[in-house]
Amino acid sequence: MKKQTTKPASPDTFHTRAVRLIQRIPKGKVVTYGQVATLAGEPRGARQVVRILNSSWKTEKLPWHRVINRNGQISLPPGGGYELQKSLLEKENVVFGPDDTIDLGRFLWKPRK
DNA sequence: GGCGTGACGTCAG
DNA sequence: ACTGACGCCACGC
């Protein structure tokens, strides 16, 4: 059996598990990169979550707008989707603070352990 | 094929 | 409390 040069489509890859979690985000809730990464098995793999969003957002149709940073703020730069994400979240009853911060204590999605 | 970058987060000083 | 550096890994050049 020869070794597969390309990455096998393992059902338990970080990529796949992260996608599953993101797709499970209920409406009106948000999750942080670190949270997704941690739940997927990589406490330090927040950057990989970013990579997944950029890559699988089209193919997997992920609710990328429900993923924010640890500060409860939108990381996207203005003109790069920031306004779009904020708009989408507000449509889901997500409230932004005076600093464009989201109250994670109320809107952070806590998956059933 | 190697180096740098990136929608971040955590650790150390 | 704040700043700086590192880490994780895939993709681009």
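Keep in mind the model is a prediction, meaning the values are calculated, not measured. Just so we're on the same page: letters track the sequence lines, and every chain starts at 1.
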Review point. Is B/dT5 paired to anything, Watson-Crick or G-U wobble with both distances less than 3.5 Å, and if yes, which nucleotide?
Key: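 Its partner is C/dA10.
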Check your understanding: Are any side-chain N or O atoms of A/E60 and backbone N or O atoms of A/R20, one a donor and one an acceptor, separated by less than 3.5 Å?
Key ->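 Pair absent, no side-chain N/O of A/E60 close to backbone of A/R20.
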Practice item. Verify, without hydrogens or angle tests, whether A/Q73 (side chain) and A/D99 (backbone) share a donor-acceptor contact under 3.5 angstrom. Key: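 Between the backbone of A/D99 and the side chain of A/Q73 there is a qualifying donor-acceptor contact (under 3.5 Å).
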Practice item. Considering only atom P, compute the distance from C/dC2 to B/dA7 and round it to an integer number of Å. Key: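 25 Å, rounded to whole Å.
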Review point. Expressed in whole Å, how much space separates the P atoms belonging to C/dA5 and B/dG4?
Key: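 About 16 Å, rounded to a whole number of Å.
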Exercise for review: Provide, to the nearest angstrom, the distance between the CG atom belonging to A/L104 and the C1' atom belonging to B/dG9.
Suggested key: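 After rounding, the gap between these two atoms is 14 Å.
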**Study point:** Separation of C/dC6 P from A/E42 CD (nearest whole Å)
**Key:**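 In whole Å, C/dC6 P and A/E42 CD are 20 Å from each other.
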Separation of [Y] [atom2] from [X] [atom1] (nearest 0.5 Å):
X     : Y      : atom1 : atom2 : result
A/E90 : A/H65  : CD    : NE2   : 12.0 Å
A/F96 : A/I102 : CZ    : CD1   : 4.0 Å
A/R47 : A/I52  : CZ    : CD1   : 13.5 Å

Point to revise | Closest contact, heavy atoms only, A/R66 versus A/E92 | key: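 Closest approach of A/R66 to A/E92, heavy atoms only: NH2-OE2, 2.8 Å.
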Practice item. Can you sort out which residues in residues 45-82 of chain A have a heavy atom within less than 4.0 Å of DNA chain C? Ascending by number, please. Key: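 Close to the strand are A/R47, A/Q48, A/R51.
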